[in-house]
Asker: 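There's a structure below that I have some questions on.
What you see below is based on every heavy atom in this structure, not just the backbone, and it leaves out hydrogens, waters and symmetry mates.
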Amino acid sequence: MWAYESTFYQIYPLGFCGAPRENDGVCVSRIGRVASWASYLEELGVGAVLLNPVFESSAHGYDTRDLTAVDCRLGTNDDFAAVVAELHAHGIRVVLDAVFNHVGREFWAFRDVREHGWDSAYRDWFITNFDGDSAYGDGFWYEGWEGHFELVKLNLRNPQVVDHLIQCVRTWREEFGIDGLRLDVAYSLDHDFIRRLREVANELSAAPVAGGVPGDASFVLIGETLHGDYSQIVNDSMLHSCTNYECYKGLYSSFNSHNMFEIAHSLHRQFGGDPWCIYRGLHLLSFADNHDVSRLASILSDPGCIRPAYGLLFGMPGIPCVYYGSEWGQEGQKGGGDDWALRPAFDEPAPNELTAWVGRLIGSRTGRDERGVLAPGARALCYGSYRNVQIASEQLLFERVAESWDGQPGERVLVAVNASGQPASVQAGELNGSFRDLLADGASAAGAVALSGVLELAPYETRYLLAC
């Protein structure tokens, strides 16, 4: 699937486009700013843009009013369709944030319940009780998402609700040509509903998108999950992927605590070769930050570690996702009454040396074929198994191996990470032989590296060594 071979780029449009924090009812075409970054994203190597909520809402996007209309603060449906078309023209697919667990109090069906009470035709679209009252004095009680009563939980056991949401998905595919969904709070969604979504995704995958990116037309489903057993909802009948919060925490924590054993343990637990390793063969969405957590540049105690942190992110199993602006070291600290500090507006990209480094990491995993379509670079980085080779407090060496498949030869890549500001030596029998350095720049990129069991790493260096 294309998603397993791509780097995702996450954008929170309401913040990115500088929209008012509260819906003022004024329609302004701001969403075009996303399209203006298409050339930059294509050059960076991005394969898919993940857009957080774009539909009509009262404030932050997750308090939806209408799932059929683009938020007026961003523009019109036609404006958004033009953005998707422009991204597709640059070989970049588009995945939308689907908020299906809850809606806002101004959602059209819930407004009808507030107006007509027990007599509302939409009473059972939500989990209500007319023997009580809400925190807003509506004259009836309803379930809010995790105690947030501005977010009204949908009744996903109601066939009418399910049919409405499924029809929205079909319309988004037809009207905008989107390539998949990121399911908000997927851990809260009814499992039968997720299975129904997968059936629809399979149907949509069978037909190419008009004007879409050539090649694989798969409609991908990625769930937002935090903890627990991800395989409960990531499997052949439910989601294709989900957010890997376990390794997100291990990533920054290992660098801050000078303890690479933490991330090495998490990666082995999830993807290692032992029978008890739990996610072998799955492609989880891996990330260093997003719209809900502090940015990597703000959470790392040693700024020098940002390069090896990204090096580890792109070398480990999963689908790497970069949050907009973090590729040039944008800071942002979670805290206060809201998360708008994590979701700033940018007029244009501000690439620097870190951006170039991220671009090289992306390029090690994916390239583009003669049509400009993304294609696997080192297959071992996209599909390979995981095995720890050497672990120290500030160094990690692991192996990714992809078996031969569909006429393509097998591959073995060694990923070496130095989290220290001092040079380091790594010794292992696996470091004997000839390798191509996938991250080498300039004339050295084409040459082979001969090793005799020892690898010297510069301060904060990451190496991807493809066995020749």
Asker: For His164 and Gln160, test the side chains for any donor-to-acceptor distance below 3.5 angstrom and give the result as yes or no.
Answerer: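 No, because no side-chain N or O of His164 sits under 3.5 Å from a partner of the opposite role on Gln160.
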
Asker: Does any part of the side chain of Val84, heavy atoms only, come nearer than 4.5 Å to the side chain of Asp179, both counted from C-beta?
Answerer: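 A side-chain contact under 4.5 Å is absent here.
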
Asker: Quick one: do the Ser237 and Asn235 side chains pair a donor with an acceptor below 3.5 Å?
Answerer: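 Judged by distance alone, the side chains do pair up.
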
Asker: At their closest point, which heavy atom of Leu239 faces which heavy atom of Ala186, and how far apart are they?
Answerer: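 So the two residues come closest at CD1-CB, 4.2 Å.
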
Asker: Of all heavy-atom pairs between Ser364 and Tyr464, which one has the smallest distance, and what is that distance?
Answerer: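 Closest approach of Ser364 to Tyr464: OG-CE1, 3.3 Å.
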
Asker: Got a salt bridge between Glu411 and Arg400, using NZ or NE/NH1/NH2 to carboxylate O under 4.0 Å?
Answerer: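 Here Glu411 does not pair with Arg400 in a salt bridge, since their nearest N and O are not under 4.0 Å apart.
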
Asker: Would you mind telling me which of Trp328, Tyr40, Tyr12, Phe16 makes a ring-ring contact (aromatic ring centres under 6.0 Å, His included) with Phe346?
Answerer: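 The passing option is Trp328.
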
Asker: Return the set of residues passing ring pair (Phe, Tyr, Trp, His ring centres under 6.0 Å) with His240 (not counting sequence neighbours), or none when no residue passes.
Answerer: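 For His240 there are no ring pair (Phe, Tyr, Trp, His ring centres under 6.0 Å) partners, ignoring immediate neighbours.
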
Asker: Compute both the distance and the angle, then confirm whether Arg65 meets the cation-pi test with Trp108: under 6.0 Å from the six-membered ring centre, within 45 degrees of the axis.
Answerer: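 So Arg65 doesn't make the cation-pi contact.
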
Asker: Do Tyr248 and Phe287 have their ring centres less than 6.0 Å from each other?
Answerer: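 Yes, the ring centres sit under 6.0 Å apart.
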
Asker: Set out, in order, the CA-CA distance, both residues' side-chain angles and the distance that settles side chain to side chain contact (heavy atoms under 4.5 Å, CB included) for Cys277 and His268, then state yes or no.
Answerer: CA-CA 7 Å; Cys277 297; His268 178 73; 3.8 Å; yes

Asker: Once you round to the nearest 0.5 Å, how far does CG of Leu282 lie from OG of Ser231?
Answerer: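 Result: 7.0 Å between the selected atoms.
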
Asker: Going by distance alone, is a donor N or O of one side chain under 3.5 Å from an acceptor N or O of the other, for Glu143 and Asn155?
Answerer: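 No, Asn155 and Glu143 have no side-chain donor paired with an acceptor closer than 3.5 Å.
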
Asker: Do Glu106 and Thr64 have side chains that get closer than 4.5 Å, going by heavy atoms?
Answerer: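 No, every pair of side-chain atoms sits at 4.5 Å or beyond.
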
Asker: Which atoms form the tightest heavy-atom contact between His291 and Tyr62, and what is the distance?
Answerer: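 Shortest heavy-atom contact: NE2-OH, 3.0 Å.
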
Asker: Report yes or no: does Asn77 contribute a side-chain atom to a donor-acceptor pair with the main-chain N or O of Thr68 at less than 3.5 Å?
Answerer: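 The answer is yes, because a donor-acceptor pair under 3.5 Å joins these two groups.
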
Asker: I need the minimum non-hydrogen distance between Ile263 and Leu251, along with the two atoms involved.
Answerer: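 Nearest pair, atom of Ile263 first, then Leu251: CD1-N, 3.8 Å.
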
Asker: Can you confirm whether the side chains of Ser294 and Gln333 place a donor and an acceptor under 3.5 Å from each other?
Answerer: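 Yes, because at least one side-chain N or O of Ser294 sits under 3.5 Å from a partner of the opposite role on Gln333.
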
Asker: Could you check whether Ser120 and Asp112, counting side-chain N and O atoms only, form a donor-acceptor pair closer than 3.5 Å?
Answerer: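 Present: a donor and an acceptor within the cut-off.
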
Asker: Under 3.5 Å, side chain of Trp2 to main-chain N/O of Ser218, donor-acceptor pair present?
Answerer: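 At least one qualifying donor-acceptor pair exists.
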
Asker: For Leu74, does its backbone N or O pair with a side-chain atom of Arg30 as donor and acceptor, under 3.5 Å?
Answerer: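 Flag not set: sc Arg30 to bb Leu74 has no pair under 3.5 Å.
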
Asker: Report yes if the side chains of Glu150 and His102 come closer than 4.5 Å at any heavy-atom pair, otherwise no.
Answerer: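 No; the side chains remain at least 4.5 Å from each other.
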
Asker: Below 4.0 angstrom, N of the basic side chain to O of the carboxylate: do Arg182 and Asp184 qualify?
Answerer: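 So Arg182 pairs with Asp184 through a salt bridge.
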
Asker: Would you say CD of Glu175 has more than 12 non-hydrogen atoms from neighbouring residues, nucleotides or ligands within 6.0 angstrom?
Answerer: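 Enclosed.
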
Asker: Quick one: sort the Tyr279 and Tyr230 rings into parallel, tilted or perpendicular, breaks at 30° and 60°.
Answerer: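 Tyr279 vs Tyr230 ring planes: parallel.
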
Asker: Going by an N to O cut-off under 4.0 Å, is there a salt bridge joining Arg198 and Asp236?
Answerer: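 No, no charged N to carboxylate O under 4.0 Å.
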
Asker: Just by distance, do the side chain of Asp138 and the backbone of Arg114 share a donor-acceptor pair under 3.5 Å?
Answerer: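 No; judged by distance alone, with no hydrogens or angles, the pair does not exist.
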
Asker: If you take the centroid of each ring, where Trp contributes its six-membered ring, are Tyr9 and Tyr324 closer together than 6.0 Å?
Answerer: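 For Tyr324 and Tyr9, the ring centres are not under 6.0 Å apart.
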
Asker: Output, in order, the C-alpha distance, side-chain angles, deciding distance and verdict of side chain to side chain contact (heavy atoms under 4.5 Å, CB included) for Met1 and Ser205.
Answerer: CA-CA 10 Å; Met1 174 185 280; Ser205 299; 5.9 Å; no

Asker: Of all heavy-atom pairs between Gly332 and Ser298, which one has the smallest distance, and what is that distance?
Answerer: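 It is N-OG, 2.8 Å.
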
Asker: Got more than 12 heavy atoms from elsewhere within 6.0 Å of OH, Tyr460?
Answerer: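 Yes, because the 6.0 Å sphere around OH of Tyr460 holds more than 12 heavy atoms from other groups.
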
Asker: If we ignore hydrogens and angles and just use 3.5 Å, is the side chain of Ser36 paired with the main-chain N or O of Arg33 as donor and acceptor?
Answerer: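 Checking the backbone N and O of Arg33 against the side chain of Ser36, a donor-acceptor pair under 3.5 Å is found.
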
Asker: Within 45° of the axis and under 6.0 Å from the centre of the six-membered ring of Phe8, does NZ or CZ of Arg365 qualify?
Answerer: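 Geometry flag: not set, cation outside 6.0 Å or 45°.
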
Asker: Can you give the donor-acceptor pairs under 3.5 Å from side chains of residues 307-323 to other protein atoms, not counting sequence neighbours?
Answerer:
unit_1: Tyr310; atom_1: OH; unit_2: Ser326; atom_2: O; d: 3.3
unit_1: Tyr323; atom_1: OH; unit_2: Leu342; atom_2: O; d: 2.8

Asker: For this output row, return yes or no: ring centroids of Trp172 and Phe55 closer than 6.0 angstrom.
Answerer: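 Under 6.0 Å, so yes.
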
Asker: State whether Lys334 and Asp289 are salt-bridged, where the test is any N-O pair (Lys NZ or Arg NE/NH1/NH2 against Asp/Glu carboxylate O) under 4.0 Å.
Answerer: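 Salt bridge flag = no for Asp289 with Lys334.
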
Asker: What are the two closest heavy atoms between Glu262 and Ser254, and how far apart are they?
Answerer: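 Scanning both residues, the minimum pair turns out to be CB-OG, 3.4 Å.
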
Asker: Given Val54 and Asp71, is the side chain to side chain contact (heavy atoms under 4.5 Å, CB included) satisfied, shown in steps?
Answerer: CA-CA 6 Å; Val54 299; Asp71 197 299; over 6 Å; no

Asker: Quick one: sort the Phe193 and Phe100 rings into parallel, tilted or perpendicular, breaks at 30° and 60°.
Answerer: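 Judged by the thresholds at 30° and 60°, the geometry between Phe193 and Phe100 is perpendicular.
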
Asker: Verify, without hydrogens or angle tests, whether Asp79 (side chain) and Gly75 (backbone) share a donor-acceptor contact under 3.5 angstrom.
Answerer: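 No; zero donor-acceptor contacts below 3.5 Å.
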
Asker: Looking only at the aromatic ring of each residue, does the gap between the centers of Phe107 and Phe110 stay below 6.0 angstrom?
Answerer: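 Not under 6.0 Å, so no.
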
Asker: So, Asn290 and Tyr245: side-chain donor and acceptor under 3.5 Å apart, yes or no?
Answerer: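 Yes, a side-chain donor-acceptor pair sits under 3.5 Å.
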
Asker: At what distance, to the nearest 0.5 angstrom, does CD1 of Ile166 lie from CZ of Arg170?
Answerer: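 Separation between the atoms: 7.0 Å.
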
Asker: Hey, what do you get for CG (Asn129) to OH (Tyr142), rounding to the nearest 0.5 Å?
Answerer: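 It comes to 13.5 Å.
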
Asker: Once you round to the nearest 0.5 Å, how far does CG of Leu44 lie from OG1 of Thr7?
Answerer: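 Those atoms lie 8.0 Å apart.
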
Asker: Just by distance, with hydrogens left out, do Asn256 and Ser253 show a side-chain donor and acceptor under 3.5 Å apart?
Answerer: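 Ser253 and Asn256 do not have a side-chain donor-acceptor pair below 3.5 Å.
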
Asker: Any donor-acceptor pair under 3.5 Å linking the side chain of Glu327 with the backbone of Gly325?
Answerer: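 Such a contact is found between Glu327 side chain and Gly325 backbone.
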
Asker: Mind checking ring pair (Phe, Tyr, Trp, His ring centres under 6.0 Å) for His60 and listing every partner two or more places apart, or none if nothing turns up?
Answerer: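 With sequence neighbours excluded, His60 shows a ring pair (Phe, Tyr, Trp, His ring centres under 6.0 Å) to no residue whatsoever.
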
Asker: Assess Arg105 against Tyr136: is NZ or CZ under 6.0 Å from the centre of the six-membered ring, and within 45 degrees of the ring's axis?
Answerer: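 That pair qualifies as a cation-pi contact.
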
Asker: Would you please say whether a donor-acceptor pair under 3.5 Å links the side chains of Asn52 and Asp97?
Answerer: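 The answer is yes; a qualifying pair exists.
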
Asker: For a salt bridge (charged side-chain N to carboxylate O under 4.0 Å, His left out) with Asp190, tell me which candidate from Arg157, Lys153, Arg196 qualifies.
Answerer: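 Single pass found, and it is Arg157.
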
Asker: Nearest 0.5 Å please: distance from the CD1 atom of Ile194 over to the CD atom of Gln232.
Answerer: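 Answer for the CD1-CD pair, Ile194 versus Gln232, is 11.0 Å.
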
Asker: More than 12 non-hydrogen atoms from neighbouring residues, nucleotides or ligands closer than 6.0 Å to CD on Glu353, yes or no?
Answerer: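 Not buried by this count: 12 neighbours or fewer within 6.0 Å.
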
Asker: Between His283 and Tyr383, is the ring centroid distance below 6.0 Å?
Answerer: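 Between His283 and Tyr383, the centre distance is under 6.0 Å.
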
Asker: Are Ser58 and Asn23 linked by a side-chain donor-acceptor pair shorter than 3.5 Å?
Answerer: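 No, Asn23 and Ser58 have no side-chain donor paired with an acceptor closer than 3.5 Å.
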
Asker: Using only atom types and a distance under 3.5 Å, with no angle test, would you say the side chain of Arg73 pairs donor to acceptor with the backbone of Ala19?
Answerer: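 Checking the backbone N and O of Ala19 against the side chain of Arg73, no donor-acceptor pair under 3.5 Å is found.
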
Asker: Arg173 side chain to Ile178 main-chain N or O, any donor-acceptor pair under 3.5 Å?
Answerer: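 Yes.
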
Asker: Are any side-chain N or O atoms of Asn101 and backbone N or O atoms of Val185, one a donor and one an acceptor, separated by less than 3.5 Å?
Answerer: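 Answer holds: no.
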
